[in-house]
Structures are given as C-alpha cells and as structure tokens.
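Read through the structure below, which is laid out as structure tokens, and then see the notes.
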Amino acid sequence: MKLFFCGDFCSKPSTRSITVSDELRQLIQSCDIKVVNFEVPLKPDVTMPPQRRERFYQNDDTPDFLRNIGFNVFSLANNHTFDWGIDGFEKTKTALGDTTFGAGSYEEAFTVKVMTVLGLKIGFLGFTFAAYTGVFDDVLHHEGLGCAYINDLKVNHTIMKAKKEVDYLFILPHDGIEYIDIPMPETIARYRDFIDYGADGVIGSHPHCPQGWEIYKGKPIFYSLGNFLFNSKENYDYRATRPHWYEGLGVILNIDDRNMTWDVISTKNVGNLFIDIDHNEKRIAHNEKLCNYIHDKEAYMECFNQICTKQVYGKEMKIIDYTFHSSTLGECTKLLMKDWIFKIIGKDFTNDYPLMRLLTHDGRKNLMKHAIKHNIKNQ
C-alpha cells in the first residue's frame, strides 16, 4: 500500500486553467491514499461582517480538480477553514463529502479518520494552532463548530485512543511560524511527542515553505511540506515575494508486510498554472541543508537565533511597542493626538486586535520569548 501527502492548497481563480505534469499525476494516482491540506474554504452566498484580516476563499471547482488528480482525503484542520464562518465550512464539507478530518463539532474534530486498504486500517488526525476564529481553544466550553486545537488537553489522549483503533496513525499538524526554513524548538518537541504517544508519522504544514525532516524513533517527522499550490488572489499573474513560496514537498509512504518506508520528492508551482516534480539539484541540496539543521544542534541554534532577531525585532515587538508604550517623541505625540481626536468623536481609541492575534498564537509567543532571552544573554 502507498500513501501520498502534500502541503497546502488554495486557488481563488478557477482551477480549470491549472495543469499537473503527467509524471506527478501518475505518481499521485499510483498511491492508494492521497492526502492534501484543503487550506481555504469555499465561499458561501452570505454577507459577512467586515474584519481587519482578509477572508480567504477558493474557487468552487477546486474539490473536483483535486479529486481528478487523485486526492481522496482532505485535512480541514487549519487557520483558514472558518474564514467564511459556519456557512463557508458547511459548503466546503458538503463539497468534499465524507473525506475530511480535523474539523466539525468538538467530538468530530478530534475523531480519527479511518481508511481501510488491503485489510489495514489507516488513521488520520489533524490539529491546528489557535490564532484565528474557528478553533476549539476554549478550555471549558466547546459549543458550535471548529477545528481541533493542537494544544488541547485532549490531544495526547486522542492519539493514544486512536492508535488502538488503527494499524497506522498519521498526524497532520498545521502549526509553526510562517516563511521560516526551520521549525521552532517547541514544534520539534511537540511533533516528537506525537510519536511518543503512538503516531506512526507526522506530516506538518502552515509555514508555506518546506522545512526539514527527521527520523525519530524509527518514524518520520516532516515539519512542513510547504505549498502544493497557494494562490489567494483574483488572478494567476500575482506573484508572492516570500522565499520558497512556490516550492513544496511530496511524501510517498510505502507500507509492505508491516514495514514502512518513504520517499520524498520536491514539487514546484510554475506561474500558479502548472504543478510539477522539481528535479533541480539545488532543491535537493537545499532540502539536505534543512534536514542537517535539525541534527546539528549548534548550527540549528545559530540559524534559529538569527531568525528570532529578524522576525521578532522586525515585526512582533512593534505590536508590543504600539500597544503598551512608544519609544520616541514623535510616536508619543501621534498617539496622544489620536487619543484626543477619538475622545472628541466619542470612540474608543484602543486597538488590541494585533495584540490578541499575537497572544493567541503559541508559536509567535514562543518566538518572542526566545528572541528576548537571546538578546538579554548577549547584552
């Protein structure tokens, strides 16, 4: 039996103009189970209240496009599944049928998805971080619909219980920090936790770029497969400027006589119109470099500290400064003027939205702690 995993998929324009190379299509279709992260919901015919963060959606023809390639299992445990509320989720769930996991009612979100092939039961669980709406991160109340929260107290128990019900169990976490090449220390520890509690493999997504992978206790952990294809804009011509945005990884797992082996391929998205296997030697070398970071503690920490300094002091600390204090006379003057103006017109000047997003994202909080600790150490 063979399984195929790839990363995030979203296409706001119609998928009718997107093609997949024969080589990649044949590889995917040669597998029995093909899994993709359905990153963005379909758009319902409803009006949603305005919000600061863009509401992503993808074209209604996306489910058929992915099924025609061969995909038959879809993870909905991600931070965009409820961008269009319950209506968007239900439209997406209806379109994909009984092939999803990681979202629904609280019990559904934490229920293992089981596929039986050649007499073997293969289970899938999906978990995501809680930066946005639609994630069950309330420790007391679990009303309504949402996605399975990766740090819920139920997670480890769910893995142990699920492992008793299946022959092989795979965890698909949607977590980490976007656009960085290596996972955080907390991500490494958490994904290894999943193996310790019974998972046979961990297949990560969310950073929107490939990260390294490792073998832990004989089981594979892929920290991020990057994007299979992600285009959330109106047309095909838009080009993201993030490094490695158009690069992904595909994982082929082979299960034979109770033994599991795996192969990794590099994929590329060409112009938001063509998805192919990337045989470029530079990609292979880049992947090896990322994997080496995870095994080389000194090199990993040097790279990670550089990322912390750039990410936190270039972005995250600005949120703290803006919310709690300003360090320059010019900034203080602007804030005082805005405060007076808002009082005159009878509105609340407080803007805690960016701070709330920061505080509810465990990865970003941890990144800040690492950066501040590293900065204090070097003062």
Donor-acceptor pair between [X] and [Y] side chains, under 3.5 angstrom:
| X | Y | answer |
| --- | --- | --- |
| N78 | T81 | yes |
| N292 | H295 | no |
| D175 | T187 | no |
| T15 | N59 | no |
| S266 | D278 | no |
| T99 | N72 | no |
| T100 | K113 | no |
| N269 | N227 | no |
| E281 | H286 | no |
| H80 | E54 | no |

Do the charged groups of [X] and [Y] touch, with an N to O distance under 4.0 Å?
| X | Y | result |
| --- | --- | --- |
| E178 | R242 | no |
| K91 | D60 | yes |
| D22 | R25 | no |

Test of understanding: clusters of I, L, V, M, F, W, Y form through side-chain heavy atoms closer than 4.5 Å, transitively. Do [X] and [Y] belong to the same one?
| X | Y | value |
| --- | --- | --- |
| L225 | I277 | no |
| V135 | I86 | no |
| L249 | I221 | no |
| V251 | I215 | yes |
| M115 | L96 | no |

If you round to the nearest 0.5 Å, how far is [atom2] of [Y] from [atom1] of [X]?
| X | Y | atom1 | atom2 | answer |
| --- | --- | --- | --- | --- |
| D276 | T267 | CG | OG1 | 9.0 Å |
| N287 | K282 | CG | NZ | 14.5 Å |
| K2 | I28 | NZ | CD1 | 11.0 Å |

Does K233 make a cation-pi contact with Y238, if we ask for NZ or CZ under 6.0 Å from the ring centre and within 45° of the axis? yes

Nearest heavy atoms of [X] and [Y], plus distance in Å:
| X | Y | answer |
| --- | --- | --- |
| Y57 | C10 | O-SG, 4.3 Å |
| K121 | E165 | CD-O, 3.6 Å |
| H206 | D8 | N-OD2, 3.7 Å |
| L253 | F5 | CD1-CE1, 3.3 Å |

N156/D193 under side-chain hydrogen bond (donor to acceptor under 3.5 Å, both in side chains): CA gap, chis, key distance, verdict: CA-CA 8 Å; N156 294 345; D193 242 6; 4.6 Å; no

ring-ring contact (aromatic ring centres under 6.0 Å, His included) test vs F136 passes for just one of Y149, F127, Y106, namely Y106

Test applied, ring-ring contact (aromatic ring centres under 6.0 Å, His included); reference residue, H208; option that passes from F9, Y246, W245: W245

Per side chain to side chain contact (heavy atoms under 4.5 Å, CB included), K219 is matched among V202, I195, D196 by I195

When you compare the side chain of [Y] with that of [X], does any pair of heavy atoms fall below 4.5 Å?
| X | Y | answer |
| --- | --- | --- |
| I180 | Q211 | yes |
| H244 | D181 | yes |
| K369 | E186 | no |
| H279 | E23 | yes |
| E247 | P210 | yes |
| V155 | F110 | yes |
| T92 | F38 | yes |

Quick check: are there more than 12 heavy atoms from other residues, nucleotides or ligands sitting under 6.0 Å from CD1 of I345? yes

Would F228 and F71 count as a side-chain contact (heavy atoms from CB on, under 4.5 Å) if you check the C-alpha gap in whole Å, the side-chain angles of each, and the deciding distance to 0.1 Å? CA-CA 12 Å; F228 192 57; F71 289 102; 4.0 Å; yes

